[in-house]
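Below is one structure, written out as structure tokens; comments come after it.
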Amino acid sequence: MTRDGVLVARHEPEIGGTTDVADHPEFSSRRRTQVIDDETMDGWFTEDFTLGELRSLRARERLQRCGPRIANSTVGSSADLR
């Protein structure tokens, strides 16, 4: 869920490995450490961004073997893809 209360379609809350957030200096101060499921994670988290800010990022495949980058989506827009 985003800071402004929108449910987004993401596999995990940390977005550093799957978006270009690290390339955005305006978001550098939002990098932090958080414990999720008893695991300490360092990075950027969806709950610290508004939907508009997340949409300004580009999604990317962590393994770099899939097709072109796409924009981040919400649960509603994912349902519209059917």
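Values below: every heavy atom of this structure, side chains too, minus hydrogens, waters and symmetry copies.
In this structure, Asp48 and Arg32 have side chains that are in contact, with non-hydrogen atoms separated by less than 4.5 Å. For the pair Val21 and Arg30, the minimum side-chain heavy-atom distance is 4.5 Å or more. Taking 4.5 Å as the limit, some side-chain heavy atom of Arg60 sits within range of a side-chain heavy atom of Asp20.
The structure places CD of Glu47 at 10.5 Å from CE of Met1, a figure rounded to the nearest 0.5 Å. Atoms OG1 and CZ, from Thr19 and Arg10 in turn, are 6.5 Å apart once rounded to the nearest 0.5 Å.
For Phe49 against Ile15, the heavy-atom pair with the smallest separation is CE1-CD1, 3.9 Å. A pairwise comparison of heavy atoms in Ser56 and Glu53 identifies OG-O, 2.6 Å as the closest pair.
Proximity of a side-chain donor or acceptor of Asp4 to a complementary backbone N or O of Leu51 within less than 3.5 Å is detected. Between the side chain of Trp44 and the backbone N or O of Phe27 there is at least one donor-acceptor pair closer than 3.5 Å.
Scored by the side chain to side chain donor-acceptor pair (under 3.5 Å) test, Asp38 finds no partners at all (sequence neighbours excluded). Taking Glu26 as the reference, His24 meet the side chain to side chain donor-acceptor pair (under 3.5 Å) condition, with sequence neighbours excluded.
Other members of the cluster containing Ile36 are Met41, Phe45, with ILVMFWY side chains joined at under 4.5 Å, either directly or via other members.
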> Can you list the steps and then say if Asp42 with Arg31 is a salt bridge (Lys or Arg N to Asp or Glu O under 4.0 Å)?
Replying inline: CA-CA 7 Å; Asp42 182 56; Arg31 186 176 184 138; 2.9 Å; yes

>> Does Asp23 form a salt bridge (Lys or Arg N to Asp or Glu O under 4.0 Å) with Arg58? I'd like the steps, not just the answer.
In response: CA-CA 10 Å; Asp23 298 334; Arg58 297 299 295 171; over 6 Å; no

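For the residue pair Arg55/Thr50, the side-chain donor-acceptor check at 3.5 Å is not satisfied.
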